[in-house]
Amino acid sequence: PTPNTPSFQSWDYQCTFNGINTDLDVTLKWSDKSNNEIGYRVFRDGGLIADLPAGSTTYADRIAVNSGQGAGYRVEAYNSTGTASTSTISISCP
């Protein structure tokens with residue numbers, strides 16, 4: 001069977017001016033609800049940014065954004081049968 005869908009527990013973030021634009025530091029935490037996943041994939045704005053091993057429950061990311069901009073994240077559990085994905089969360093800096 002396909003893995004169970006992970007669920008976000010929290011998404012902590014901080015926006016810090018870096019002299020040119022803003023560094024968006026994000027820490028994603030999710031529940032590992034499967035015992036048959038091969039791993040987890042983390043997507044930012046639809047693009048794959050990390051492929052993590054089975055049992056993973058956290059990922060940290062830093063990107064530079066302009067004021068008022070941000071990013072959307074989702075996490076997908078996968079195995080040879082298929083995938084199960086969280087909904088996308090959106091984070092933005094003021």
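The figures that follow rest on heavy atoms only: side chains count, while hydrogens, waters and symmetry mates do not. What you see is a predicted model; the values in this text were computed from it and never measured.
K29 meets the side-chain hydrogen bond (donor to acceptor under 3.5 Å, both in side chains) test with no other residue; sequence neighbours excluded. Applying the side-chain hydrogen bond (donor to acceptor under 3.5 Å, both in side chains) test to Y59 and every residue at least two apart in sequence or in another chain returns nothing.
In this structure, the side chain of S90 does not engage the main chain of G72 through any donor-acceptor pair within 3.5 Å. Counting only distance, with no hydrogens or angles, the side chain of W30 and the backbone of S10 share no donor-acceptor pair below 3.5 Å. For D25 (side chain) and Y13 (main-chain N/O), no donor-acceptor pair under 3.5 Å exists by modelled atom type.
With respect to N18, the side chain to side chain contact (heavy atoms under 4.5 Å, CB included) criterion is satisfied by exactly one of I20, T16, T22: I20. Partner of C93 under the side chain to side chain contact (heavy atoms under 4.5 Å, CB included) criterion, chosen from N66, V65, N21: V65.
The OH atom of Y78 lies 15.0 Å from the OG1 atom of T2; values are rounded to the nearest 0.5 Å. Annotation: the span from I38 atom CD1 to S80 atom OG amounts to 5.0 Å, rounded to 0.5 Å. Atom-to-atom distance recorded for D12:CG and Q14:CD is 10.0 Å, nearest 0.5 angstrom. If you take CZ on F43 and OG1 on T88, they are separated by 10.0 Å, rounding to the nearest 0.5 Å. For the atom pair CG (D32) and OG1 (T57), the distance works out to 7.5 Å, reported to the nearest 0.5 Å.
For the pair C15/P94, a side-chain contact is recorded, criterion being any heavy-atom separation below 4.5 Å from C-beta on. For the pair R44/V26, no side-chain contact is recorded, criterion being any heavy-atom separation below 4.5 Å from C-beta on. A heavy-atom distance below 4.5 Å is not found between the side chains of N4 and P6. Contact check for S7 versus S31: side-chain heavy atoms found under the 4.5 Å cut-off.
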Test F8 against V75 for side chain to side chain contact (heavy atoms under 4.5 Å, CB included), laying out the working first.
-> CA-CA 8 Å; F8 280 118; V75 175; 3.8 Å; yes
Can you check side chain to side chain contact (heavy atoms under 4.5 Å, CB included) on L24 and I91, steps first, answer last?
-> CA-CA 9 Å; L24 172 58; I91 299 169; 3.9 Å; yes
Report the C-alpha separation of R41 and T83 in whole Å, then their side-chain angles, then the decisive distance to 0.1 Å, and conclude whether the side chain to side chain contact (heavy atoms under 4.5 Å, CB included) test is met.
-> CA-CA 10 Å; R41 295 182 183 120; T83 63; 4.1 Å; yes
Using the side chain to side chain contact (heavy atoms under 4.5 Å, CB included) rule, take D61 and L28 through it: C-alpha gap first, then chi angles, then the decisive distance, then the call.
-> CA-CA 8 Å; D61 188 35; L28 305 172; over 6 Å; no
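The nearest pair of heavy atoms linking D45 to G70 is OD2-O, 4.2 Å. Across all their heavy atoms, A84 and T5 have their closest contact at CB-OG1, 3.5 Å. When all heavy atoms of K33 and Y40 are compared, the closest pair comes out as N-OH, 4.1 Å.
Side-chain contact, S85 with R74: a donor N or O sits under 3.5 Å from an acceptor N or O.
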